[in-house]
Amino acid sequence: MVNLVAAQKPLLHGLMKMAGVQPHMVEIEPGTVMNFWVPKETVKKPQKGEKKNDTPTLTKPNKPVVVLVHGFAAEGIVTWQFQVGALTKKYSVYIPDLLFFGGSITDKTDRSPTFQAETLMKGLRKIGIERCILVGFSYGGMVAFKMAELYPDLVQAMVISGSILAMTDSISEATLSELGFKSSSELLLPNSVNGLKALLSVATHKKLWFPNRLHKDYLEVMFTNRKERAELLEGLVINNKDPTIPKFVQKIHLLWGENDQIFKLELAQNMKEKLGETVTFQGIQKAGHLVQLERPCVYNTCLKQFLTSLLENEEQK
């Protein structure tokens with residue numbers, strides 16, 4: 001029987017190409033490759049008489065760079081499918097697939113957000129990115145925070161949705177207990193239709209209905225590399241004694257679903273207070289954790305307003 005989610009993938013790929021991006025695989029180092037969706041205008045076409053390479057050369061972008069970093073339950077273009085087309089006119093948009101998502105893989109054993117951030121940094125450098133604005137969702141937000149901390153010369157600013165600086169064991173235990181899950185793997189790596197329904201139930205404000213077959217097909221297509229992803233979740237949680245609040249030099253905009261049950265509004269507001277004056281906050285009503293998918297038009301408007309304001313202020317300096 002045809003997998004309905006797999007059958008829709010070519011359609012989504014076609015829509016992304018119509019929006020102005022196409023896939024490009026980058027070898028970070030031997031044993032580690034990362035897939036990016038890159039602006040089509042940066043892909044250098046072979047000259048007449050030249051052989052068409054499997055991996056084409058990229059040119060540097062000529063517009064401000066926005067990098068969209070996905071969460072844990074889906075790869076890049078699935079997470080950001082409603083944002084790409086809204087941004088490509090004014091921005092050079094890059095959508096990476098983090099390691100063990102969407103074809104990105106490594107033979108290294110490090111599963112920490114720091115390693116994801118380091119790998120993403122190397123990938124961006126290899127494709128000619130010198131400065132960028134990160135938009136991070138959930139797990140991708142934690143990777144974005146780590147990138148901004150470690151590579152301030154690369155990261156100009158950040159928009160963070162449904163994420164926190166680091167997943168401490170107390171936050172992890174409190175969140176899972178409140179949601180009724182025994183472990184982060186049970187929540188974020190469902191292995192049954194009922195498990196996926198439970199994840200969607202806590203991730204969205206408006207309850208969605210899909211036939212069981214669609215849930216089953218989604219599990220088969222989107223939840224690959226289960227062993228490695230379980231290790232990523234283990235590598236995410238740090239001891240309460242370990243976290244330090246970095247001093248970020250970047251502007252940070254927290255763009256939140258006001259009904260987020262996973263990382264509640266209070267966590268965002270507390271984070272804003274801790275991070276100080278460089279941080280702004282904006283809530284979106286009637287939206288849960290998956291705010292960019294539930295209310296894409298409102299999300300896109302808020303995102304574009306922040307980007308416009310940021311770049312105008314940069315020009316005035």
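FYI, side chains are in, hydrogens and waters are out, and symmetry mates aren't considered; it's all heavy atoms of this structure.
- The distance from atom CZ of Arg295 to atom CD of Gln285, rounded to the nearest 0.5 Å, is 7.5 Å.
- Shortest non-hydrogen contact noted between Ala157 and Leu310 is CB-CD2, 3.5 Å.
- Judged by distance alone, with hydrogens and angles left aside, the side-chain atoms of Thr301 form a donor-acceptor pair with the main-chain N or O of Cys297 at under 3.5 Å.
- Looking at Gln261, its side chain never comes within 3.5 Å of a backbone N or O of Leu179 through a donor-acceptor pair.
- Taking the six-membered ring where the residue is Trp, Tyr299 and Trp80 present tilted rings, their angle falling between 30° and 60°.
- Each of Leu150, Ile164, Ile252 was checked for a side chain to side chain contact (heavy atoms under 4.5 Å, CB included) with Phe145, and the lone residue meeting it is Ile252.
- Side-chain contact, Ser112 with Asp110: a donor N or O sits under 3.5 Å from an acceptor N or O.
- No donor-acceptor distance shorter than 3.5 angstrom exists from the side chain of Ser201 to the backbone of Lys197, with no hydrogens or angles considered.
- Between the side chain of Gln250 and the backbone N or O of Val155, at least one donor-acceptor pair lies under 3.5 Å.
- Atom CE of Met25 is surrounded by more than 12 heavy atoms from other residues, nucleotides or ligands within 6.0 Å.
- With respect to the salt-bridge test (charged N to carboxylate O, under 4.0 angstrom), the residues Glu75 and Lys9 qualify.
- For Lys216, the NZ atom sits in a loose shell: 12 or fewer heavy atoms of surrounding residues, nucleotides or ligands are nearer than 6.0 Å.
- By the neighbour-count criterion of 12 heavy atoms within 6.0 Å, atom NZ of Lys108 is densely surrounded, having more than that number from other residues, nucleotides or ligands.
- A cation-pi arrangement is present between Arg229 and Phe101, with the terminal nitrogen or guanidinium carbon under 6.0 Å from the aromatic centre and inside a 45° cone about the axis.
- Between the side chain of Asn3 and the backbone N or O of Ala6, at least one donor-acceptor pair lies under 3.5 Å.
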Check residues 30-37 and write down every donor-acceptor pair under 3.5 Å in which the side-chain atom is one partner and the other belongs to a residue at least two apart or another chain.
| unit_1 | atom_1 | unit_2 | atom_2 | d |
| --- | --- | --- | --- | --- |
| Thr32 | OG1 | Thr106 | OG1 | 2.6 |
| Asn35 | ND2 | Asp97 | OD2 | 2.9 |

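- Distance check, rounded to the nearest 0.5 Å: CG of Leu254 to NZ of Lys272 gives 8.0 Å.
- Atom CG of Leu15 and atom CZ of Phe82 lie 10.0 Å apart (nearest 0.5 Å).
- Using the six-membered ring where Trp is involved, Tyr139 and Phe72 have ring planes that are perpendicular, over 60° apart on the 30 and 60° scheme.
- Applying side chain to side chain contact (heavy atoms under 4.5 Å, CB included) to Arg111 and the options Leu233, Leu232, Leu236 leaves one that passes, Leu232.
- Around NZ of Lys207, the count of heavy atoms belonging to other residues, nucleotides or ligands within 6.0 Å exceeds 12.
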